[in-house]
Number of protein chains: 2
Amino acid sequence: MADTLSERSQNILEAIVEDYIASAEPVGSRAISRKHNFNLSPASVRNVMADLEEMGLLCSPHTSSGRIPTGKGFQYYIDTLLSVRTLNRNEKQNLRNSYRFQNMRMEDIMQEVGRVLSGLSQYTGLVMAPKFISTVFRQIEFIRLSQGRLLMIYVSETGLVQNKVIEADPSLTVRDLEQISSYLNSELNGLSIQEVRTKLKQELQEDRVCYDRLKKQALKLSCAALQDEIEDQIYVSGASLMLGQPEFSTPEQMKRLISAFESKKLLIELLDRGQSAQGVQIFIGSDSSQVDLEGCSLITSNFSNQKGAVGTLGVIGPVRMNYSQVVPIVDFTAQLVSRVLDREIAQD
Amino acid sequence: MADTLSERSQNILEAIVEDYIASAEPVGSRAISRKHNFNLSPASVRNVMADLEEMGLLCSPHTSSGRIPTGKGFQYYIDTLLSVRTLNRNEKQNLRNSYRFQNMRMEDIMQEVGRVLSGLSQYTGLVMAPKFISTVFRQIEFIRLSQGRLLMIYVSETGLVQNKVIEADPSLTVRDLEQISSYLNSELNGLSIQEVRTKLKQELQEDRVCYDRLKKQALKLSCAALQDEIEDQIYVSGASLMLGQPEFSTPEQMKRLISAFESKKLLIELLDRGQSAQGVQIFIGSDSSQVDLEGCSLITSNFSNQKGAVGTLGVIGPVRMNYSQVVPIVDFTAQLVSRVLDREIAQD
DNA sequence: TATTAGCACTCACCACTGTTGAGTGCTAAC
DNA sequence: GTTAGCACTCAACAGTGGTGAGTGCTAATA
């Protein structure tokens, strides 16, 4: 249906969306007719606007005000009118220079990416580290805490460190633990966590009556350590920048937004949606059915290393976001991070 | 000077502060004379208020409004009028039950403490994990990332995990690294980082011409790993609750506050101030010389295990905070966390 | 002599008012 | 099909007057 728009209607819609992105205020017919030289009088523009409003692409806050694009209007703009520039060589180099990845831990990299994304876009940067389950096993260590409690430390191929407290047989000695981790490290090295789990399941079944005490303990410990999901890690940068946007300028909206950012659950849910897809994805607030993030749009892209560990990064801003500027930044940053993660892998 | 206040003046000041804490609005003479039965007419109360204003303990936002306490007024109230209840057995048990510390990593514990402090006080919870330098060495591991780059993982006695990327001689094999960490783990176990550093310095001087290649590498690596400071970890919970306080209800103040919370540097600076002192400490916003945290007060207490690793936790709220309610919560929580940390230590 | 009733005064707050200007829809002329 | 003209709408703003909570001062009072 939307594709049946005449060229004139498309041009006017585009002009309205772009004016609105720039000004955050309702766009009137006179402004459109003057600034963009369509050679149309305000009255003609008004006729088109009335059509667009009927189609649900525009709306007016009150009778005698200009129009603003609806969620559907933005969607149409993004789907069919938005032309995303690719960065030229200079811009790519500049972007590359914005990031400092030398000698950084995975955690630092994620944080840095969020910070830079937020700084460049002037919106809020989001980064979700690769999920535990999508990582590749590299090394595991067990450290005794108190009686019967162990600290498990897991390192993935990309240097992502996760740890977790597990309960264990109190009779295990430090020597035992060393042997167990050494055994696991040689057995599981290079497997994805998915594969690790399958393998552990198999071995547990095969060795139901296993007389090698240490092997049995090793299986038991690694099960406790690697079977459950480990909480997603998410980094939010520049939340305060959102408070400068006119759509979130009332105290109520500020509270709502900061609460939504604080809970992180919402954000994780939202970022998860993009996990399966490739390339840049755009989610428009109104369709997200997240009341607390109403009025927000999200631009995300996945990053991954060659072994397939997938994380997501992106920018969240008002629906009235500067898509043509932010999309290429998110896109190229994801590529950049992917390359950095590959460099992290040891060349053994 | 302030101690020369007559009993009547003290009573009235106390009444004003407490009314203001409850209502967040200027307190008038009539309200004081009615609610608290001093048997004084409003006019008499006014006389006293005029004195208190002259002494800088009160001020009035405009000519014909009630009075509000100044920073100095709050300081006086805290120093000489505030009587802090100690929690009774029931309340202590309730508080204990609010926390779930089972099988938690240090990180989780810190986060949980922040969350609960914020929930109970309805202000913002702050927790700063024990500083790297105040921890006691437990275990160190090295994992090869790419050519010449190692991931160092350090675990303190309380189970605090820190990691860091360091550069290293690319010729070191995995076997070498195992031997190095095993050597360091036996040499440094139980020493405070402070002691570790002294020891490393000594050994480096003694063995300037050392022919044991591995020992030399071990010293070099541990220096790179443990010599520098590792960034402070700070947890902020319930920032959005502050936005509900009337003193931060304008958009400008909200932005200022959220920005201040986001930078974390300010908060670390503030929490550091309390590190040396013992027991509960109270900082009043206006004296903090932190423009961005104007209007905020901070209640902190340190926690530590028997080996002396010190962290700080607390609550940040408006100057008009309910001190008599929050102080005991912060106090007891710090004791609770200290005990939990001691339980974490292995009984070898 | 300390306390208090009385009074004039101040000022934030609120509801109401009229004006302005940007923008609209409709209609008739081009 | 396009557009000039016109009546209409409505948010935003500034001004206005009333209300009430509160003050400082003074003179009367216990």
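Side chains are part of it too, since the values below use all heavy atoms of this structure and drop only hydrogens, waters and symmetry mates. Below, read A as the first sequence line, B as the second, and so on, with proteins coming before strands; counting in each chain starts at 1. Since we're looking at a predicted model, the values are computed, not measured.
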* To do: Hey, could you give me the CG/CG distance between A:D331 and A:L313, rounded to the nearest 0.5 Å?
  =>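 Those atoms lie 9.5 Å apart.
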* Taking five pairs at each end of the helix from C:dT1-D:dA30 to C:dC30-D:dG1, what angle separates the two helix axes (nearest 10°)? ->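 Computed from the C1' atoms at both ends, the axes differ by 20°.
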[X] vs [Y] side-chain heavy atoms within contact, under 4.5 Å:
{"X": "B:C296", "Y": "B:L257", "answer": "yes"}
{"X": "B:L82", "Y": "B:S324", "answer": "yes"}
{"X": "A:Q275", "Y": "A:M128", "answer": "yes"}

What pairs with [X] under side chain to side chain contact (heavy atoms under 4.5 Å, CB included), at least two apart in sequence or on another chain?
{"X": "B:N88", "value": "B:N90, B:E91"}
{"X": "A:S237", "value": "A:R115, A:S118"}
{"X": "A:S9", "value": "A:L5, A:S6, A:V48, A:L52"}
{"X": "A:K265", "value": "A:S263"}

Tell me, please, which residues at least two apart from [X] pass side chain to side chain donor-acceptor pair (under 3.5 Å).
{"X": "A:Y77", "value": "A:E18"}
{"X": "A:S41", "value": "A:S44"}
{"X": "B:T333", "value": "B:Y99"}

* Residue-phosphate contact under 4.0 Å: A:R46 side-chain N/O, D:dA4 OP1/OP2 ->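 No.
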* Which nucleotide in D:dA21, D:dT9, D:dA4 has an atom nearest any side-chain atom of B:S64 ->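 Of all the options, the side chain of B:S64 is nearest to D:dA21.
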* Under the 3.5 angstrom rule, does the side chain of B:T70 hit a backbone N or O of B:G56 as a donor-acceptor pair? ->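 Judged by distance alone, yes, a pair lies under 3.5 Å.
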* **Residue list, salt bridge (Lys or Arg N to Asp or Glu O under 4.0 Å) with A:E25, at least two apart or on another chain** =>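 So A:E25 forms no salt bridge (Lys or Arg N to Asp or Glu O under 4.0 Å) with any residue.
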* Start and end of the DNA chain C segment that chain B contacts, any atom under 4.0 Å from a heavy atom ->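 On DNA chain C, the outermost contacted nucleotides are C:dT3 to C:dA12.
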Atom pairs under 3.5 Å: protein N/O with N/O of nucleotides 11-17 of chain D:
none

* Asked: How close or far is atom P of D:dG1 from atom CG of A:N47, stated in whole angstroms?
  ->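 Whole-Å distance recorded here is 11 Å.
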* Starting at the 5' end of DNA chain C, which residue's closest nucleotide do you reach first, B:S41 or A:M49? ->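 By nearest-heavy-atom nucleotide position, the 5'-most residue is B:S41.
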* Across the strands shown, which category fits B:S44 at heavy-atom distances under 4.0 angstrom: base, sugar-phosphate, nothing? ->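 Here B:S44 touches the bases of the nucleic acid.
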* To do: Identify, residue by residue, the members of residues 27-40 of chain B with a heavy atom below 4.0 Å from DNA chain D, and return them in order of residue number, or none.
  =>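 Only B:G28, B:S29 qualify.
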